[in-house]
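For reference, the structure discussed in these notes is given below.
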Number of protein chains: 2
Amino acid sequence: MTEPTLSRPGRPRDPERMRRVIDAASRQFLEQGFERTSMDAVARESGVSKMTIYSYFPTKAALFEAVIGQRTDTVFDLDAGETLEPRAPAATLSVIGRRFLALMRADEVMGRHRVLFAAAGIQHEACAAFFRQGPEKLIGGVRDYLDQAVAAGALRPHDTRVAADQFLSLFLGGSHIRAMLGLGKPSPEEDARLVQANVDLFMRAYGML
Amino acid sequence: MTEPTLSRPGRPRDPERMRRVIDAASRQFLEQGFERTSMDAVARESGVSKMTIYSYFPTKAALFEAVIGQRTDTVFDLDAGETLEPRAPAATLSVIGRRFLALMRADEVMGRHRVLFAAAGIQHEACAAFFRQGPEKLIGGVRDYLDQAVAAGALRPHDTRVAADQFLSLFLGGSHIRAMLGLGKPSPEEDARLVQANVDLFMRAYGML
DNA sequence: ACTTTACTATACGGTCAAGTATCGTGACGG
DNA sequence: CCGTCACGATACTTGACCGTATAGTAAAGT
C-alpha cells in the first residue's frame, strides 16, 4: 500500500488545482451540456492549463464522469428545529417536500438531470451511478421515514416503497417539466402550494382515519 | 392565393422526399441528440442528398425544429369499448394511466424529452412549443375529464387543475427516471401495478365516500 | 426542342475542438 | 544544487462537420 503521504521526488501535486478544474467543469457541463463544453473553456475558467487538466483526466469523458461523481444530497440534512417526527407525518412530509423541491429547483441539479438524460446510452456507468446515489437514495430515505410512521401508528400500513416513490413523483409534474425546459421556475408561493397540495393528497390516501 | 396545384414551370417537388428526411432526422435527433447528429448522416440514412435537404431547411436548427414540431398524441384516442365515462373514474383513470404510460415508455417520446431538456435555454421556441402541445395539453385533457366526473358526482370537488397534474405526475417517478437514463424499462407487469397503485392513491384522496 | 426547377454526387472552405508536443519555469527532496 | 516532477503557455495536428459551390441528370411545362 502506498502511504497517504508518500514522499516522491519532485514537486507535489496541488490538490487545490483539481478542485478548481472540477468546479469550472461542473458549471460548464451542467449549464451547456457535454458536447457544447470545450476543454479550452474549462482551462480558461479554472485558470488551470489544458495540459495539467489532461494530466489529471486522460479524456473529456473522464472529466465528465468526475463531475457527475460529485454528490450534494441535502434533502435529509436537518436544520435545528426540524425533525423527522414519526408521529407527525403531515408536518414532516411538508419538510421533506420543501427540501426536495428546493433540491429539484437548483440550477445545478436540473443541469445534472439534463446532461445525464442526454447521456443515456452513451455514458451508461455515470447514469447508473447517478440513479443509485440520487433518486434511489432519496426514495429509500422517504421509505425509511414512512416505515417509522407506520410503526408509530401515524400512517396506515401500505407498501412504503411504492408510496415513497409516489410522494416524490408528485413534485415532478408540469412545473418541474416547465423548469427543466428552461421556461422559468415557479414562484416560492406556487411551490409552497404544491407542497401543501401533495401532502394533502398523500395524507388523505395514507393517513389515519 | 396560390392554388393548391399551382402549376409552375419545371420539375415539381417530391413530397415523399421531405418525409424521408424528417423520418431519418427524427431517428437521429431523438436517439443521438442534436449535437451528435450530423447532416451527412441524415442525408445518408434518408437517401436524400445534402443539398436537397438544405433546399428544404436552411439550417440544422430548422430541421431540428421541424422534427420537434411532429406530434403524436394518442392518450385520448379511444379504442372501441373504452370510454371516458364520468361515472366510473377509477376505471377511466386506469385507462388514461395505461395510455399515458405507454406514451411515456415509447423510445421516440423519451428521446424527445431528452433532446429538449438538453436544448433548454438554447432552443427556447422549440421547448415552449413542446410544452404547450405536450404536457400542458395532456394535463388539460385529464382536467376536463375530472371536471366531468366531479359534475357527475363521482369525485369529490377539488382543484381539478392541480389534481390532473398530480395524477400524471405519479407516473414520472423512479421507474420513469430509470428509463430516461437508459437503464432499462419496467416490465408490463410492473407498469400495470404502477397504474393500479396510482389510481388507488388518487381515488382514496378524491373519490366519494 | 427549350426552359425551368428538383435533385444527385462530390468536392471544397472554414471553423471549432480534442488531444499532443515543446519549451520554459517553479517547487520540492536528497 | 541538482534531478525530478508539476505546471503554464502556446503552437500544432488531426479530424469532424456545417454549409456551399459546381457540374451534371431527371422531370415537368410551353
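Side-chain atoms are counted along with the backbone in the values below, which use heavy atoms only and exclude waters and symmetry mates.
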Donor-acceptor pairs are to be reported for all side-chain atoms of residues 119-139 of chain B against protein atoms at under 3.5 Å, with residues two or more places apart or in another chain.
unit_1   : atom_1 : unit_2  : atom_2 : d
B:Gln133 : OE1    : B:Arg71 : NE     : 3.4
B:Gln133 : OE1    : B:Arg71 : NH1    : 3.4

_For the residue pair A:Arg112 and A:Phe117, would you count it as a cation-pi contact if the rule is NZ or CZ under 6.0 angstrom from the ring centre and within 45 degrees of the ring axis?_
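Checked: cation-pi criterion not met.
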*Distance from A:Leu170 atom CG to A:Asn198 atom CG, nearest 0.5 Å?*
4.5 Å
*With sequence neighbours left out, what residues match B:Glu65 under salt bridge (charged side-chain N to carboxylate O under 4.0 Å, His left out)?*
none
Could you tell me how far apart [X] ([atom1]) and [N] ([atom2]) are, to the nearest whole angstrom?
| X | N | atom1 | atom2 | result |
| --- | --- | --- | --- | --- |
| A:Phe57 | C:dG19 | CZ | P | 13 Å |
| B:Ile53 | C:dT8 | CD1 | P | 9 Å |
| A:Arg13 | D:dT4 | CZ | P | 18 Å |
| A:Leu63 | C:dG19 | CG | P | 10 Å |
| B:Asp40 | C:dT8 | CG | P | 14 Å |

*If you measure from the Lys or Arg side-chain nitrogens to the Asp or Glu carboxylate oxygens, is any gap between B:Arg17 and B:Asp14 under 4.0 Å?*
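Salt bridge between B:Arg17 and B:Asp14, a charged N being under 4.0 Å from a carboxylate O: yes.
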*Are A:Arg19 and A:Asp23 close enough for a salt bridge, meaning some N to O gap below 4.0 Å?*
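So A:Arg19 pairs with A:Asp23 through a salt bridge.
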*asked:* Measuring to OP1 and OP2 of C:dG19, would you say a side-chain N or O of A:Thr59 lies under 4.0 angstrom away?
replied: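 Checking A:Thr59 against C:dG19: at least one side-chain N or O falls below 4.0 Å of OP1 or OP2.
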*asked:* Any side-chain N or O of B:Ser49 below 4.0 angstrom from OP1/OP2 of C:dT8?
replied: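 True: B:Ser49 side-chain N/O within range (under 4.0 Å) of C:dT8 OP1/OP2.
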Distances under 3.5 Å between nitrogen or oxygen atoms of protein and nucleotides 20-27 of chain D:
unit_1 : atom_1 : unit_2  : atom_2 : d
D:dA26 : N3     : B:Arg11 : NH1    : 3.4

Atom pairs and distances, side-chain donor-acceptor, residues 171-184 of chain A, under 3.5 Å, sequence neighbours left out:
unit_1   : atom_1 : unit_2   : atom_2 : d
A:Ser175 : OG     : A:Arg105 : NH2    : 3.3

*Could you check whether B:Tyr56 gets within reach of a base, just the sugar-phosphate, or nothing at all, counting any heavy atom under 4.0 Å?*
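Sugar-phosphate contact only.
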Only distances under 3.5 Å count here; give the side-chain donor-acceptor pairs of residues 25-34 of chain B to other protein atoms, sequence neighbours excluded, each with its distance to 0.1 Å.
unit_1  : atom_1 : unit_2  : atom_2 : d
B:Ser26 : OG     : B:Ile22 : O      : 3.0
B:Arg27 : NE     : B:Glu45 : OE2    : 2.7
B:Arg27 : NH2    : B:Glu45 : OE2    : 3.1
B:Gln28 : NE2    : B:Glu45 : OE1    : 2.6

*On the 0 to 90° scale, with breaks at 30° and 60°, tag the B:Phe202-B:Phe167 ring pair as parallel, tilted or perpendicular.*
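Rings of B:Phe202 and B:Phe167: perpendicular, as their planes differ by over 60°.
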*Looking at residues 14-39 of chain B, who's got a heavy atom less than 4.0 Å off DNA chain C?*
B:Asp14, B:Arg17
